[in-house]
Protein chains: 2
Amino acid sequence: MQRPTIADIALRAGVSKGAVSFALNGRPGVSEATRARILRVAEEINWRPHSAARALGGARADAVGLVIARPARTLGVEPFFARLLSGLQAEFSSQSIALHLMIVEDTQAEIEIYRSWVSERRVDGLVLIDLKVRDPRIAVVEQLEIPAVVVGGPGRHGRVSSVWADDRAAMLSAVEYLAVLGHTRIAHVSGLPEFQHTQRRSRALRDAATRLTLPRARSLHTDFSDAQGAAATRKLLAGAGRPTAIIYDSDLMAVAGLGVALEMGVAVPHELSIVSFDDSVLAQLTHPSLTALSRDTYRFGVQAAQTMMAVLANPTKTKNHKTETPRLITRESTSPTRN
Amino acid sequence: MQRPTIADIALRAGVSKGAVSFALNGRPGVSEATRARILRVAEEINWRPHSAARALGGARADAVGLVIARPARTLGVEPFFARLLSGLQAEFSSQSIALHLMIVEDTQAEIEIYRSWVSERRVDGLVLIDLKVRDPRIAVVEQLEIPAVVVGGPGRHGRVSSVWADDRAAMLSAVEYLAVLGHTRIAHVSGLPEFQHTQRRSRALRDAATRLTLPRARSLHTDFSDAQGAAATRKLLAGAGRPTAIIYDSDLMAVAGLGVALEMGVAVPHELSIVSFDDSVLAQLTHPSLTALSRDTYRFGVQAAQTMMAVLANPTKTKNHKTETPRLITRESTSPTRN
DNA sequence: TCCGTTCACTAGACCGGTTTATCATTGCCG
DNA sequence: CGGCAATGATAAACCGGTCTAGTGAACGGA
């Protein structure tokens with residue numbers, strides 16, 4: 001038989017469509033007795049709402065959108081996304097909210113997707129990641145007037161809510177730790193320079209270097225890939241006055257860098273200390289295991305989802321949720337300098 | 001201003017709603033001149049279709065559903081999912097199909113989600129992963145009459161299409177390789193026994209053991225976590241007549257197992273050879289690097305997506321796409337036995 | 001007793017498209 | 001020139017819900 005509609009329920013229960021709608025949505029306007037009867041009939045004929053019909057009336061889509069503008073191939077490699085995604089989705093699941101996911105080439109395409117999803121009412125909100133320095137998405141999201149959460153602030157994101165960790169404090173703690181161990185030549189293999197978090201970390205390193213008078217502190221930009229992480233390491237270790245410590249912006253690059261060091265005969269940690277700005281099994285399973293700035297990325301995703309749901313509940317209120325600052329976990333890849 | 005509708009276009013172009021609909025959908029019923037005029041107006045006022053309204057009329061949702069019934073936390077750790085997901089999505093993106101994603105607790109909840117997504121017309125098709133031995137989802141999907149693709153067959157999945165790799169042949173190649181190196185005591189740290197691919201691999205090992213007369217070949221089941229992988233390894237290495245080679249069903253477990261071996265003072269590869277049934281940077285970056293059965297999981301995802309689209313185009317035809325058999329990549333973690 | 005309120009419920013418009021039935025023109029053919 | 005088909009366009013129904021205005025009855029207070 002055809003899919004049952006509320007009209008069928010109304011017919012069987014002997015009431016009007018409106019009454020059925022009220023009853024099914026737990027709104028006032030029907031007596032408890034009638035409500036119970038309607039629910040029973042709905043159950044009997046196995047009725048389910050037609051989301052499209054609901055959406056036409058302006059109701060929720062019960063989905064949140066996430067667009068990732070990075071090469072698809074790199075995503076499977078980078079543990080960060082997968083963990084963030086599972087955290088996000090785990091929390092959304094508890095409210096039966098699905099994640100509408102799409103991977104695109106660039107920010108322009110991403111914006112196009114936002115426009116169409118919003119105008120087609122496919123999603124109730126958007127999660128933005130990889131905030132850039134002058135990010136064009138912010139204006140678009142504000143103009144579209146859709147609830148949104150930026151993962152990774154704080155920065156210029158106007159009235160849009162955000163969830164962020166204190167990258168600066170984390171970087172400072174890593175640099176100070178290395179300085180205490182006697183390191184003065186500290187390098188930083190960072191991510192894409194257009195990302196705000198990359199900039200914050202690089203700036204924190206510069207500031208710390210000035211304060212602690214570390215002469216050769218510098219950041220080398222990469223695209224986050226293990227290949228470029230390895231290349232940057234090779235360049236650093238081949239040059240004169242090579243660093244005695246390197247901080248990597250991702251554990252994947254740190255592991256790649258470790259491989260290069262071993263290959264070049266540079267002993268870790270005795271000749272080179274390595275710190276990863278991201279922690280995962282990857283960092284724990286290498287030998288030597290990697291000292292890392294650790295945070296619970298899964299939990300970060302959960303908090304992003306919670307913020308999203310708060311914004312959905314009250315779209316006018318901007319929330320800026322600061323999560324725990326990544327803590328330095330010392331493992332085998334760092335040690336005092338030898339002088 | 002309000003979102004423009006086809007009524008607005010009709011007004012401006014001086015035609016009826018119906019004519020606009022015909023023009024926008026490239027159907028006959030309007031002259032070329034009128035069509036051009038309508039398209040121009042639509043462009044001018046930046047009109048976009050309202051998917052909900054379309055769906056109400058029975059049109060496509062332009063989304064494919066994927067439900068994962070595993071603990072959310074483990075997903076971020078396991079590289080396989082992330083790579084599969086990016087392959088899937090990369091291919092779907094090319095047709096502007098979004099992925100509707102949800103993580104749930106168990107198969108029962110997964111089935112509930114299928115029912116609601118289908119009846120709410122949220123998705124055009126479903127991708128099923130982790131096929132179980134007598135998988136209840138198959139019957140549900142057939143009953144719902146929704147296009148579906150099973151990732152990882154072949155097995156009992158009725159008329160539902162599938163994309164699969166020859167696990168059996170892959171396992172045989174690994175065992176034969178180890179046998180040629182002189183190994184006779186080969187263990188297998190496998191995944192959950194209810195999964196069809198786990199069973200196929202275990203059975204292949206048994207068959208090979210019989211044919212090659214390897215006495216102590218056996219499979220230990222785990223839940224795919226690094227913790228259980230490590231525990232299984234510890235158990236294997238602590239016992240008397242310990243294996244000289246272990247095959248792990250995932251690279252994560254292989255890396256964990258490698259850690260345990262090093263910790264227990266068992267030299268790899270001289271005292272113990274390790275083979276991973278899955279390859280990723282993880283396997284390449286350890287020291288020693290891991291011999292692995294390698295396949296392009298990203299590509300696997302792409303092929304799954306292609307199959308899905310083929311099924312969407314022609315739902316009556318079942319497709320069973322066999323992908324490349326995982327090839328053994330020998331690295332540093334395997335060597336001949338010492339006698 | 002009468003009026004104002006509240007309550008339970010109904011009828012019907014509405015959301016933004018698609019589709020069908022219908023109609024007016026025009027062109028062609030015998 | 002009459003008849004028929006093809007073409008281009010329209011009006012209105014329809015999809016399955018939500019939501020608002022309105023109705024009738026019961027109830028309470030002055």
Side-chain angles (χ1 to χ4, degrees), chain A residues 1-42 45-63 115-122 124, chain B residues 1-43 45-62 115-122 124:
Chain A
M1 102 151 200
Q2 284 297 340
R3 124 198 287 282
T5 72
I6 55 166
D8 298 323
I9 302 178
L11 199 65
R12 293 209 187 202
V15 292
S16 68
K17 273 171 65 183
V20 174
S21 179
F22 291 143
L24 292 171
N25 292 295
R27 311 161 104 276
V30 282
S31 65
E32 276 314 309
T34 311
R35 183 187 304 278
R37 184 157 43 91
I38 290 172
L39 291 179
R40 188 152 34 78
V41 173
I45 65 175
N46 196 26
W47 173 87
R48 289 176 186 255
H50 191 307
S51 72
R54 274 219 168 116
L56 247 194
R60 285 280 174 85
D62 281 331
R115 288 193 194 283
S116 62
W117 280 0
V118 170
S119 69
E120 295 172 17
R121 304 267 165 77
R122 279 179 185 282
D124 301 322
Chain B
M1 102 152 202
Q2 285 297 339
R3 126 200 283 281
T5 71
I6 56 166
D8 299 322
I9 302 178
L11 199 65
R12 294 211 186 200
V15 293
S16 69
K17 275 171 62 184
V20 174
S21 179
F22 290 144
L24 292 170
N25 292 294
R27 312 161 104 276
V30 283
S31 65
E32 276 315 309
T34 311
R35 182 188 305 277
R37 183 157 43 91
I38 290 173
L39 290 179
R40 189 152 32 80
V41 172
E43 175 80 14
I45 64 175
N46 196 26
W47 172 87
R48 284 163 192 272
H50 190 307
S51 73
R54 273 216 169 122
L56 206 45
R60 284 279 175 85
D62 281 331
R115 287 193 194 284
S116 62
W117 282 359
V118 170
S119 68
E120 295 172 17
R121 305 267 165 80
R122 280 180 185 282
D124 301 322

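Values below: all heavy atoms of this structure, side chains included; hydrogens, waters and symmetry mates excluded.
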| Hey, does the side chain of A/Ser16 come within less than 4.0 Å of C/dT10's phosphate (OP1/OP2), counting only N and O? |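 For C/dT10, OP1 or OP2 has a side-chain N or O of A/Ser16 closer than 4.0 Å.
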
| query | Looking at B/Trp47, does any N or O in its side chain come under 4.0 Å of the phosphate oxygens OP1/OP2 on C/dG16? | reply | no

| request: Select base, sugar-phosphate, or nothing to describe what B/Ser21 touches, counting heavy atoms under 4.0 Å on all strands. | output: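 Contact class for B/Ser21: base.
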
| What is the nucleic acid contact for B/Val20, judged by heavy atoms within less than 4.0 Å: base, sugar-phosphate only, or nothing? |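 Since no nucleic acid heavy atom lies under 4.0 Å of B/Val20, the category is nothing.
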
| task | Answer yes or no: side-chain N or O of A/Lys17 and base N or O of D/dG17 forming a donor-acceptor pair under 3.5 Å. | result | yes

| query | Are side-chain heavy atoms of B/Leu24 and B/Ile9 found at a separation under 4.5 Å? | reply | yes

| field | Flag side-chain contact, heavy atom, 4.5 Å: A/Asp8 against A/Thr5 | value |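 Yes, side chains in contact.
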
| Residues within residues 24-40 of chain A bordering DNA chain C, heavy-atom distance below 4.0 Å |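 Those residues are A/Gly29, A/Val30, A/Ser31, A/Thr34.
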
| query | Between atom CD1 in B/Ile6 and atom P in D/dA11, what is the gap in whole Å? | reply | 13 Å

| field | Separation of C/dG16 P from B/Asp8 CG (nearest whole Å) | value |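 Distance check: B/Asp8 CG to C/dG16 P gives 9 Å.
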
| request: Run the salt-bridge test on B/Arg40 and B/Glu43 with the 4.0 Å N-O cut-off and return the result as yes or no. | output: no

| message | Looking at A/Ala19, is its backbone amide N or carbonyl O close enough to the side chain of A/Arg35 to form a donor-acceptor pair, meaning the two atoms are under 3.5 Å apart? | response | no

